[in-house]
Peer 1: 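A single structure is presented below for examination.
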Amino acid sequence: MSLEAKIASTGTLSKTRKRGENMMSNHTFNKSTSIVSEKFNIASDTPGIELSVLNKRPTSMTAFSNEKTIVMVHGATYPIGSLYDVELDGFTFLDYLASHGYDVYGVDVRGYGGSTRPPEMDQPADQNPPLVRTETGVRDFGSAVDFVLKHRNLSKVNVLGMSWGGTVAGAYTSLNNNKVNKLTLIAPQWLSNKPIPIDTGGSLGSYRLVPAGTTKERWLSAAPEGKRDSLLPDGWFEKWVEATLASDPNSKTVHPEHIRATNGPILDIREYWTVGKAFYEPKNITVPVLLIHAEWDIDVPLDLAQNFFTSLTGAAYRRWVEIGEGTHMVLLEKNRVQAFQAVQSFLDENYTPAGQ
């Protein structure tokens with residue numbers, strides 16, 4: 001089946017939504033914009049493995065451009081629907097960007113969300129080695145970028161990744177600057193001489209079982225004790241848990257209340273980031289870069305963010321936005337719109353350093 005036929009047979013268009021006017025006003029989400037949502041299953045570079053790509057854009061959008069197109073990738077544990085598309089206060093991160101005129105795509109790497117899970121993930125985890133190394137994530141992300149470029153007849157897209165997804169997006173860009181307009185990285189991985197919390201030690205099977213509903217204490221523990229109760233508005237954690245569990249069909253049957261997350265990214269922490277070995281060279285990134293970080297992030301502490309930022313020596317220009325009162329999961333917390341606005345402002349601007 002041709003790529004065009006595969007897209008035609010698997011793309012599904014959701015009902016157009018127009019946001020109500022009774023939402024809270026502590027944000028700049030454009031409530032007047034009608035947003036359409038579309039899902040695609042695209043071929044990866046591996047037979048039998050398809051990748052789920054979620055697209056959101058203004059319903060009225062008919063012209064597409066490099067500058068107004070974004071392709072996003074998730075982190076090592078939670079997929080697109082759990083990280084970028086949880087409706088809080090009436091809208092998601094994808095909705096926010098679409099409401100400001102962007103054609104936004106979120107890809108689930110194999111093993112996550114709506115993408116094909118390797119057959120080993122239906123077997124006991126201890127029977128197979130860690131699945132989905134970072135190199136595989138980069139390849140899957142590249143498949144999604146190529147799909148969008150062809151789908152919209154573009155030469156470049158904007159790229160965004162968080163945490164492990166920041167490594168995927170950064171590594172991809174370092175090898176494909178010609179396909180990237182601007183790069184946004186939210187708390188990306190970097191070299192560390194201390195243990196990284198996501199790696200809890202011990203032997204690694206092919207995947208982990210993550211109990212989404214019991215992660216709140218660990219999530220909030222990154223914040224000072226007196227600030228924890230206000231970090232997540234009422235009901236937000238429960239909505240996130242619901243969206244997270246919905247991303248894994250086995251969460252209701254084989255392993256109730258848990259999702260599967262591959263262990264390849266954890267093995268890469270051990271073989272790269274904590275032994276002084278960078279997975280890629282940030283200096284090879286030549287496009288404009290935005291780094292977003294939150295002050296209570298214990299997964300990517302402030303010194304790691306700074307060391308990463310100073311390594312971006314080849315970027316056309318670079319910017320660091322530090323968000324107060326936020327953790328590694330800032331995109332789902334009370335100050336999330338600060339991050340959204342920073343991304344929008346960076347992508348909206350037409351800036352060139354003087355003399356260039």
Side-chain angles (χ1 to χ4, degrees), residues 65-76 84 97 102 104-107 109 133-146 148-149 154-192 265 268-269 272-273 276-293 297 299-322 331 339 342-356:
S65 68
N66 299 349
E67 294 77 15
K68 299 297 285 189
T69 306
I70 311 171
V71 183
M72 305 164 70
V73 63
H74 54 81
Y84 301 143
L97 293 169
Y102 284 90
V104 191
Y105 298 81
V107 57
V109 172
R133 302 292 295 266
T134 304
E135 185 273 339
T136 303
V138 174
R139 288 177 14 233
D140 284 354
F141 187 66
S143 294
V145 170
D146 286 345
V148 174
L149 292 175
L154 305 175
S155 61
K156 295 183 178 183
V157 295
N158 297 300
V159 165
L160 183 149
M162 175 192 163
S163 194
W164 177 69
T167 297
V168 170
Y172 174 83
T173 303
S174 73
L175 299 171
N176 297 277
N177 285 282
N178 61 314
K179 295 182 180 181
V180 178
N181 183 50
K182 293 180 181 179
L183 172 65
T184 298
L185 301 174
I186 302 168
Q189 296 172 302
W190 191 238
L191 303 174
S192 176
D268 285 333
I269 288 174
Y272 288 93
W273 303 116
K277 184 179 178 183
F279 180 80
Y280 70 101
E281 290 291 345
K283 67 182 180 181
N284 292 336
I285 295 172
T286 60
V287 302
V289 181
L290 171 65
L291 172 63
I292 296 177
H293 184 263
D297 191 333
D299 294 82
V300 181
L302 188 64
D303 60 327
L304 264 67
Q306 181 176 9
N307 291 339
F308 174 78
F309 185 75
T310 57
S311 72
L312 292 164
T313 54
Y317 66 91
R318 51 192 159 127
R319 179 175 306 144
W320 179 353
V321 173
E322 184 73 10
L331 295 180
V343 174
Q344 179 199 348
S345 176
F346 173 64
L347 297 182
D348 281 351
E349 71 188 12
N350 183 13
Y351 173 75
T352 303
Q356 293 189 10

Peer 1: Any donor-acceptor pair under 3.5 Å linking the side chain of D303 with the backbone of S192?
Peer 2: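 No; judged by distance alone, with no hydrogens or angles, the pair does not exist.
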Peer 1: Taking all atoms of both residues into account, what is the closest heavy-atom pair of F141 and A169, and its distance?
Peer 2: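 Between these two residues, the closest heavy atoms are CE2-CA, 4.4 Å.
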Peer 1: Minimum heavy-atom separation for P288 and N181, please, with both atom names.
Peer 2: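 Scanning both residues completely, I find the closest heavy atoms to be CD-O, 3.5 Å.
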Peer 1: Strictly distance-based, threshold 3.5 Å: is any side-chain N or O of K182 a donor or acceptor partner for the main-chain N or O of F346?
Peer 2: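 Checked: pair present.
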Peer 1: Nearest 0.5 Å please: distance from the CG atom of L291 over to the CD1 atom of I186.
Peer 2: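 Reported to 0.5 Å precision, the distance equals 9.5 Å.
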Peer 1: Step by step, would you call Y105 with V145 a side-chain contact (heavy atoms from CB on, under 4.5 Å)?
Peer 2: CA-CA 9 Å; Y105 298 81; V145 170; over 6 Å; no
Peer 1: Say you draw a straight line from CG of L312 to OG1 of T286; how long is it, rounded to the nearest 0.5 Å?
Peer 2: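 Reported to 0.5 Å precision, the distance equals 11.5 Å.
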Peer 1: Is the backbone N or O of S155 less than 3.5 Å from a side-chain atom of N66, with the two atoms forming a donor-acceptor pair by type?
Peer 2: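 Such a contact is found between N66 side chain and S155 backbone.
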Peer 1: Between Y84 and V104, is any pair of side-chain heavy atoms under 4.5 Å apart?
Peer 2: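 With C-beta onward as the side chain, the pair stays apart.
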Peer 1: Of all the heavy-atom pairs spanning A171 and S174, show the shortest one and how long it is.
Peer 2: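 The answer is O-OG, 2.7 Å.
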Peer 1: Could you check if a side-chain atom of D268 sits within less than 4.5 angstrom of a side-chain atom of E135, using non-hydrogen atoms only?
Peer 2: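 Counting from C-beta outward, D268 and E135 never come under 4.5 Å.
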Peer 1: If I compare all heavy atoms of G276 with all of L191, which pair ends up nearest, and what's the gap?
Peer 2: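 Closest pair (atom of G276, atom of L191, distance): C-CD2, 3.8 Å.
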Peer 1: Under 3.5 Å, is there a donor-acceptor pair linking the side chains of D348 and Y102?
Peer 2: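 Yes, because at least one side-chain N or O of D348 sits under 3.5 Å from a partner of the opposite role on Y102.
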Peer 1: If every non-hydrogen atom of L185 is compared with every non-hydrogen atom of G166, which pair is closest and at what distance?
Peer 2: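 Shortest heavy-atom separation between L185 and G166 comes out as CD2-O, 3.4 Å.
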Peer 1: Starting at CD1 of I285, measure out to CG of N176 and round the result to the nearest 0.5 Å.
Peer 2: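 Between atom CD1 of I285 and atom CG of N176 there are 11.0 Å.
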Peer 1: Side chains of F279 and V138: closer than 4.5 Å at any heavy-atom pair?
Peer 2: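 A side-chain contact exists here, since the closest heavy-atom pair is under 4.5 Å.
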Peer 1: Does the pair L290 and V321 meet the rule for a side-chain contact (heavy atoms from CB on, under 4.5 Å), with working shown?
Peer 2: CA-CA 8 Å; L290 171 65; V321 173; 3.8 Å; yes
Peer 1: State, with a plain yes or no, whether a side-chain heavy atom of P282 is found less than 4.5 Å away from one of W190.
Peer 2: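 SC-SC contact between P282 and W190 confirmed.
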Peer 1: Measure across V180 and V287 and return the closest heavy-atom pair with its distance rounded to 0.1 Å.
Peer 2: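 Shortest heavy-atom separation between V180 and V287 comes out as O-CG1, 3.3 Å.
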Peer 1: Can you measure from CD (E67) to CG (N350) and round to the nearest 0.5 angstrom?
Peer 2: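 E67 CD to N350 CG: 8.5 Å, rounded to 0.5 Å.
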Peer 1: Just so I know, are the side chains of V109 and V168 near enough to count as touching, which here means a heavy-atom distance under 4.5 Å?
Peer 2: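 When only atoms from C-beta onward are counted, V168 and V109 do not touch, as no gap falls below 4.5 Å.
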Peer 1: L97 versus M72: any side-chain heavy-atom pair under 4.5 Å?
Peer 2: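 In short, these two side chains touch, coming nearer than 4.5 Å.
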Peer 1: Contact between K179 and V159 at the side-chain level, heavy atoms closer than 4.5 Å - yes or no?
Peer 2: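 With C-beta onward as the side chain, the pair stays apart.
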Peer 1: Are side-chain heavy atoms of Y280 and L175 found at a separation under 4.5 Å?
Peer 2: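 Result no, sub-4.5 Å side-chain heavy-atom pair not found.
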Peer 1: Donor-acceptor pair, distance only, cut-off 3.5 Å: does the side chain of D297 make one with the backbone of L302?
Peer 2: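 No; judged by distance alone, with no hydrogens or angles, the pair does not exist.
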Peer 1: Hey, could you give me the CD/OH distance between E349 and Y317, rounded to the nearest 0.5 Å?
Peer 2: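 One finds 3.5 Å between CD of E349 and OH of Y317.
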Peer 1: Report the relative orientation of the aromatic rings in H74 and W164; use parallel for angles under 30°, tilted for 30 to 60°, perpendicular for over 60°.
Peer 2: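 If you compare the ring of H74 with that of W164, the planes turn out tilted.
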Peer 1: Give, for atom CG of N284 and atom CG of N177, the distance between the pair rounded to the nearest 0.5 Å.
Peer 2: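 Here the rounded value is 8.0 Å.
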Peer 1: Tell me whether the rings of W320 and H293 are parallel (<30°), tilted (30 to 60°) or perpendicular (>60°).
Peer 2: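 Correct class here is perpendicular.
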